[in-house]
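First comes the structure, then the notes that go with it.
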Amino acid sequence: VGPNNSVEITDSSFHDNSGEGAHKFRIFNFQGGDGAGGLSIPNSWWGNPSGPYHLTANPTGTGDTVGDFIGFSPWLSENPMPDPPSGCIENCFSNVLFLPGLEASRLYDTGGDRLWEPPFFGLDHEKLLLDHSGVPVHPGIYTADVIDEAFTANIYKSFIGKMDGLVADETINEWNDFPYDWRFDVNDIVDNPTALATTTISLVAEVERLAASSKSEKVTIISHSNGGLVGKVLISELESQSKADLVDKFIMVAVPQLGTPKTIATLLHGEAMPSEWFPFVAQAREIREIGENMPSGYTLLPSPE
């Protein structure tokens with residue numbers, strides 16, 4: 001603070017100002033005295049209702065201190081700002097939840113045989129059929145993981161590697177993907193537990209779990225394709241439970257928010273599905289039969305909703 005200048009800082013919180021001996025920080029006005037500029041820090045919190053430790057000598061002492069020629073009265077008796085979450089002050093990046101797209105979670109039957117993505121030859125499509133109410137004809141199907149790569153094609157493999165790297169270098173504490181049965185309506189995926197091999201997992205509970213271990217006490221949701229529609233319903237559900245503040249950011253990549261006309265061709269003719277890229281995996285007839293009663297397929301139809 002130079003001559004004929006003044007600085008005033010108010011309604012601030014000085015953390016770790018715990019008194020003599022702590023020497024976290026010190027505030028001095030070396031231009032103090034007659035004709036000097038002014039430095040005033042009133043109405044601030046100093047870590048203690050009794051105010052700051054006032055050092056009256058030159059800056060040779062120890063402790064979190066306020067020197068001479070500084071106005072710091074009145075001070076606040078309570079902290080006007082909450083403490084940083086979990087004691088984190090810098091680089092407080094949120095844990096990440098990833099919601100994959102349609103057909104991007106592997107599905108298994110009760111015997112542990114993988115139904116999707118299909119084996120190299122022969123889709124056992126009858127086990128994936130649903131009845132006219134959208135209920136699986138073959139019970140006990142569960143998911144366990146998202147598809148990293150299929151038939152040598154990189155699906156989420158590079159993304160998974162990137163996220164694992166963020167944990168390894170301690171940029172974030174944790175991340176997790178959330179596989180789900182993509183045959184169901186997005187509301188069902190959020191409202192009902194997802195079946196795993198030996199247990200179930202709730203999407204809202206997973207957000208709460210990741211937030212609890214996050215540096216920011218929040219979760220960033222990254223979604224791809226149909227996962228973005230799931231994420232929108234998830235956020236609405238969190239809002240209804242007064243838990244929306246658990247979400248830091250919601251990132252959507254290639255999300256069909258207005259629906260996609262290609263769904264019509266899929267439902268009517270079995271087109272634009274894996275049979276288009278890997279005809280040895282599934283026939284259009286099989287894809288059409290799976291999609292006929294698949295709620296998620298109709299969710300993707302362009303509509304006012």
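Among residues two or more places apart in sequence or in another chain, the salt bridge (Lys or Arg N to Asp or Glu O under 4.0 Å) test is passed with R288 by none. Qualifying salt bridge (Lys or Arg N to Asp or Glu O under 4.0 Å) partners for K127, counting only residues two or more places apart in sequence or in other chains: D109, D124. Remark: A244 pairs with E239 by the side-chain contact (heavy atoms from CB on, under 4.5 Å) rule, at least two apart or across chains. Under the side-chain contact (heavy atoms from CB on, under 4.5 Å) criterion, I189 pairs with Y180, F184, V230, not counting sequence neighbours. Applying the side-chain contact (heavy atoms from CB on, under 4.5 Å) test to T152 and every residue at least two apart in sequence or in another chain returns nothing. Partners of I160 under the side-chain contact (heavy atoms from CB on, under 4.5 Å) rule, at least two apart in sequence or in another chain, are V146, D148, Y156, D164, W175. Residues passing the salt bridge (Lys or Arg N to Asp or Glu O under 4.0 Å) test with E286: none are found, sequence neighbours excluded. Applying the salt bridge (Lys or Arg N to Asp or Glu O under 4.0 Å) criterion to K249, with sequence neighbours excluded, gives no partner residue.
Evaluation of the ring pair (Phe, Tyr, Trp, His ring centres under 6.0 Å) test over residues 229-255, restricted to residues two or more places apart or in two chains, returns none. Among residue pairs with one or both ends in residues 192-203, none qualify as salt bridge (charged side-chain N to carboxylate O under 4.0 Å, His left out); sequence neighbours excluded. Contacts classified as salt bridge (charged side-chain N to carboxylate O under 4.0 Å, His left out) and involving residues 289-304 (residues at least two apart or in different chains) are given here: R285-E289. Each side chain to side chain donor-acceptor pair (under 3.5 Å) pair with one or both residues in residues 186-200, not counting sequence neighbours, appears once here: D185-N187.
A side-chain contact (heavy atoms from CB on, under 4.5 Å) with L97 is found for one member of D177, L210, T220 and no other, namely L210.
Side-chain contact between T143 and W116: absent, with no pair of heavy atoms (C-beta onward) separated by less than 4.5 Å. Counting only heavy atoms from C-beta outward, the side chains of N95 and S213 approach each other to under 4.5 Å.
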Practice prompt. Show the numbers, then the answer: is there a side chain to side chain contact (heavy atoms under 4.5 Å, CB included) between T266 and L300?
Written response: CA-CA 11 Å; T266 301; L300 291 174; over 6 Å; no
